[in-house]
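The block underneath contains the structure these notes are about, expressed in structure tokens.
Keep in mind it's a predicted model, so treat the numbers as computed, not measured.
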Amino acid sequence: MLTNSLLSNSFFNRTNVVQIARELLGHILVCQNSAGIRSSGIIVETEAYNGITDKASHAYGGRHTNRTSTLYQSAGTSYVYLCYGIHHLFNIVTNAVGIPHAVLIRALQPVEGIDLMLERRNLAMPSANLARGPGSAAKAMGINLKQNGLSLSKQNNIWIERPLNTVDSKNICAGPRIGVNYAAEDALLPYRFWIKGNACVSKK
DNA sequence: CATAGGATCGCCT
DNA sequence: GGCGATCCTATGT
């Protein structure tokens, strides 16, 4: 079987988080459970959170708390937090240590471990919404607060692989982020990216 | 210590 | 399209 190459942390250690969010489309998120079984999915939707100047970011204004401390860690660190008391949202930290940039993974197109995903989601049949939406994507992959602060790597059983075929730029769409109306003018920034026409993207 | 609210989802109408 | 679920986090006293 053809193996994809691992995405190294240097991919994430760059200054332009918006560009990274865009480039992540088409990459494969892989999680391995304790039995060594892989769950994976193609990243079809992302959002960029641009650190201390971004009103939608948890780190806006340099906010530094227990929760947000993960955002200030090194590029390629997993930032997981609980939203609405129910949903675990999975992000990847980017840029240098001390700069709290992150990319939110909003939706996946399931590839491997679909039976496991169905079990985790409590669903009987596969459908486009198996990992559609950030809460559902994390749940399908078995991601929870235990993964917060981990460096993406095979050692930690969670990593990103390069795609065999990259996404053509004409198939990438951009628009405002979801659920960040409180961020005033920053809510309008086109920091959300998705693969055009993909059924596993969360919204039109 | 107490409390309000959140980068959502799925069920109900 | 409206709304309840459900609990961590941040903030204020």
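A salt bridge links A/Glu112 with A/Arg38: at least one charged nitrogen is closer than 4.0 Å to a carboxylate oxygen.
Regarding A/Asn181, its CG atom lies at a distance of 13 Å from the C1' atom of B/dT8, rounded to whole Å. Note: CG (A/Leu123) to C1' (B/dC11) measures 14 Å, nearest angstrom. Atom pair A/Arg120:CZ and B/dC9:P shows a separation of 17 Å (rounding to whole Å applied). What separates CZ of A/Arg132 from P of B/dT8 is a distance of 15 Å, to the nearest Å. One interatomic measurement links the two molecules: CZ of A/Arg177 to C1' of B/dT8, which rounds to 16 Å at whole-angstrom precision. Atom NE2 of A/His88 is separated from atom C1' of B/dA7 by 15 Å (rounded to the nearest Å). A/Ile86 has its CD1 atom 7 Å from the C1' atom of B/dT8, to the nearest Å. Counting to the nearest Å, the P atom of C/dA10 and the NE2 atom of A/His64 are 11 Å from each other.
Contact annotation for A/Leu82: backbone-only contact, meaning every heavy-atom pair under 4.0 Å involves sugar-phosphate atoms and none involves a base. As judged by a 4.0 angstrom heavy-atom cut-off over every strand, A/Ser136 is placed among residues touching the sugar-phosphate backbone only.
Side chains of A/Ser202 and A/Arg106: a donor-acceptor N/O pair is present below 3.5 angstrom, by distance only.
In this entry C/dT6 has no Watson-Crick or G-U wobble partner, no candidate having both defining distances under 3.5 Å. Across all strands shown, nothing is found opposite B/dA7 as a Watson-Crick or G-U wobble partner with both distances under 3.5 Å.
The side-chain tip of A/Arg14 points at the ring of A/Phe11 from less than 6.0 angstrom away and within 45° of straight on.
For B/dG6, neither phosphate oxygen OP1 nor OP2 lies less than 4.0 angstrom from any side-chain nitrogen or oxygen of A/Arg67. In this structure, A/Tyr81 does not reach the C/dC7 phosphate: none of its side-chain N or O atoms is under 4.0 Å from OP1 or OP2. Look at A/Tyr84 and you'll find a side-chain N or O under 4.0 angstrom from OP1 or OP2 of B/dT8.
Residue A/His58 places a side-chain atom within donor-acceptor reach of the base of B/dA7, judged by atom type and a 3.5 Å distance cut-off alone.
In terms of modelled atom types and a separation under 3.5 Å, the side chain of A/Asn91 and the main chain of A/Tyr79 share a donor-acceptor contact. A donor-acceptor contact shorter than 3.5 Å links the side chain of A/Arg177 to the backbone of A/Asp186.
Set against B/dT8, C/dT11, B/dA7, the side chain of A/His87 has B/dT8 as its closest nucleotide. Residue A/Val180 places its side chain closer to B/dA7 than to any other of C/dT9, B/dA7, C/dC7.
For the P atoms, the distance from B/dA2 to C/dT6 is 22 Å, rounded to whole Å.
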